Amino acid sequence: MTSPRAIAPAIAAPPEPWQVAGRPIRRGRPPRWLWFPAVLALVPTVVPFGFLVGRVLAEGTAAADVVLSAGTARLVANTALLVVLVVATSAVIGVGAAWLTERTDLPGRRFWRVAVALPLVIPSYVIALALLSATGPRGLLADATGIAIPSLTGLSGAWLAVTLSTYPFVYLTTASALRRMDPAHEEAARGLGATPTRVFRTIVLPQLRPTLGAGILLVALYTLSDFGAVSLMRFDSFTRVVYAQYSGRLDRTPAAVLALLLVALALIVVWAERVTRGRAAYHGRPVARPARVVSLRGAKRLAGLAGLAALGLLGVGLPVAVLVTWVGRGSGSGSAFPWGAVGGSVGASLLAAGLVAIVALPTAVLVARYPSRRTAWIERVAYTVFALPHITVGLAVVAFSSRYLGGLYQSLTVLVAVYASVFFAQALGAARSSLLQVSPSLEEASRSLGAGTMRTMIRVTAPMVRRGLIAGALLVFLTTMKELPATLLLRPTGFDTLAVDIWSAADSFLYSRAAGPALLLIAISAVPMYLLATRER
Amino acid sequence: MTDAIICRDLSKEYAGVRALDSFSLAAPEAKVLGLVGPSGSGKTTALRLIAGFERPDRGSVEVAGDVVVDDRTFVPPERRRVGMVFQDFALFPHMSVGDNVSYGLPKGSARRGRVADTLDMVGLTGLEGRMPHQLSGGEQQRVALARALAPAPAVILLDEPFSNLDAPQRERVRREVRNILIEARATAVFVTHDQEEALAVSDVLAVMRDGRVIQQAAPHELYRRPADRWVARFLGEGEFLSGTVRGGAVDTALGRFQVDTPLSGPVDVLIRPEHVRLTEDHGGAALVVDREFYGHDQLVTLHVDGGRRLLARAGPETIFNPGDHARFEITDVVVFAPGGPE
């Protein structure tokens, strides 16, 4: 098995997605039709979002009342607390694990690299359901050992569940940065008499800062928008309350106002990351020479191994063990396996992945081959849409489609269009970066030999960027499979996905009913993950 | 003689930087025209405007008598009948040599024959099935040429075609390419920053500076009669001194020389190293201060006439070392109007 580091860039998207470098304008104007797929991909979220903003602004004082209420203040405090806790824990765990697997001589590092990244395939709500059903006086752990563990719910549960599902973002980006780092700096510091600890603090950590910033940004945005774990843990952060307001009340203004406040929080996080990024630039060139590893002996070696083992056990071992236990217990209970949800998940994810791959190619050509202020906006909007909390997107699309789209309200068409739209940036990023490695003269050669833009794209560009397109489509498939809040709000009546099925069962404490679908979801998600990790070699 | 490409007053800016400034050029049919200039002089931009990869801000281009771009017209590259050979060759890596060469040909039964004929012409008979990465640099170059020639374009453009080849094979490939172009009776424009290459390959040479053509003529004409000091310096080494033309000869600090020029009065005089003949002589007036040995010849830097610098090219037989004295004789000079850019 190969290391998952190769997928890190793809998952983390470009490290600075909100900033598009100012490249010189070298090309002519793109053909008009090239804009069409990009617009088509972004309209399903941008237009409803704009509509939601307009509607909330039109509410005026009613909206202001919601914003200024004591409940909202508590909500902001809760959510901010969760973000701070998760970010801090993820950063420590992620950097620590990366250092242990990349810069020490711990045995089995290749295995640990995979094991500590693996929680990426387990959705946060599955980790939450595992933690919930394992702890507590009547939990599985108490059953197995006879020792009662206090049940994990509320803040502590949400903290642990979200941390376990987000620290791999920090781990993967940091591990790849550690590998790209020129060992000469560290050697120079050692040569000047610095201890290994001082080298780490004064040389390695500052160089990690930009990467760490990007990883932390992802963790913070993910925490803000996570719905599955916080709702199962009954922790009142924004997403849970927005959903409760939406499903429990006829007046949808409070839900809409809170959903937009959540977006405002996300913008603050993005802004904070940019402000604190610092000005130093570190140019990581591919380094042929691996850095010298630190030799850990005795107690340190045991502590390092124990730390990695604990991560692997908590993030992967525990959820899988819990699910398997429930499946074993529930085998005779008679509830039918939700095959319809399997079909719904796989079908919708395949549709979304295929659709995104088709629109990402022309859009990548547009942004990579005709760089201009206008095409840079396409990228900026795509990444902004990618960062929007899905509960907000779902709410906006419900409001917009119920008002204007009539027959398409709660249709599969709208659901797939929204999936493709919110995950568009992942495929665009992958296609764009592989296109940038292809010399534009190949396309120009095709043009001068008599092929038009379309034929050139199909016969020359597409085969060249095939790997990037497939990687992007796999990512979209993976993320669509796990998607929960937008699906909950937008799915057609009678349409089910594994995510919705697992969450609904777990929300009603029907753990044995949720376990089978959850195991299947993990298994299906592991396929694209495995392909992504191995094909990059 | 008709012109296959006519560029009139082309201008192009990139983000405020003027790449082309009233660029005009006429490329005669069935000749190889070299477009030479230092980097940043706009050579590649000119080529890309002719090919249609970019639009000019102003000006027009005619290819084989048809306007392909002006204020109102823009013919896209695929309909210009302009073949292009790229600096990096740009062979499609996922297609065989045969598929690369047939890419620009219309579908039909004649296709296969045309591919074979074109590969014959470039000396790659029977390599249709190879993939580009299985070929040497020189072979890739010839496939790129065959691919551009196969659809029988009206003109063929070559962008720094030899810069991606190693020095030893560069001269051989460049001779081959020139012969292929002559055999195909193709009108070719090739861009280079290497003046030696430009002089060797072109039938006609256009020298560019600051986005426009400064001078266009046959290579030997250009070398003999550069338009100004800058062109003279760009095309070859030499030392300048001032002089006065009077009665079919020019008077300089180093003597009086016969010249054939319409100029009279004060002029700039260029002395090329190959026009300085050196002989071993311990009592000679020239002091050797530096020497670069090239094998086939040597370039000797001299101090003459109390510190004046002079370059001389000498054969490889007699070695001139710094500190030696030698006798020198100036056999020819180039004169042009004084002043102008350095």
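In this text, all values refer to a predicted model and were calculated from it rather than measured experimentally. Chain A is the first sequence line, chain B the second, and so forth, proteins listed ahead of strands; every chain is numbered from 1.
Both the backbone and the side chain of B:R147 come within contact range of chain A, with heavy atoms under 4.5 Å apart. For a residue to count as touching a neighbouring chain, one of its non-hydrogen atoms must lie under 4.5 Å from one of that chain's; by this rule B:Y103 touches chain A with backbone and side chain alike. At a 4.5 Å heavy-atom cutoff, B:L105 makes no contact with chain A through either its backbone or its side chain.
A cation-pi arrangement is absent between A:R369 and B:F53, since the terminal nitrogen or guanidinium carbon is not both under 6.0 Å from the aromatic centre and inside a 45° cone about the axis.
Note: A:S441 OG to B:Q87 CD = 9.0 Å, rounded to the nearest 0.5 Å. Interatomic distance, A:R459 CZ to B:M95 CE, rounded to the nearest 0.5 Å: 4.0 Å.
Between B:R48 and A:E444 there is a salt bridge, with a side-chain nitrogen of the basic residue lying less than 4.0 Å from a carboxylate oxygen of the acidic one.
For the residue pair B:E78 and A:A451, the shortest heavy atom distance occurs at CB-O, 3.4 Å. Smallest separation of non-hydrogen atoms from A:L442 and B:L91: CD2-O, 3.2 Å. Between A:L449 and B:P151 the shortest heavy-atom distance is CD2-CG, 4.0 Å.
Between B:P76 and A:R447 the shortest side-chain heavy-atom distance falls below 4.5 Å. The shortest side-chain heavy-atom distance between B:D88 and A:S439 falls under the 4.5 Å cut-off.
Per-residue heavy-atom pair counts under 4.5 Å with chain A were compared for B:A150, B:P153, B:P77, and the maximum is reached by B:P77.
In this structure, B:R79 places its CZ atom where only 12 or fewer heavy-atom neighbours from other residues, nucleotides or ligands lie under 6.0 Å away. Around CZ of B:F74, the count of heavy atoms belonging to other residues, nucleotides or ligands within 6.0 Å exceeds 12.
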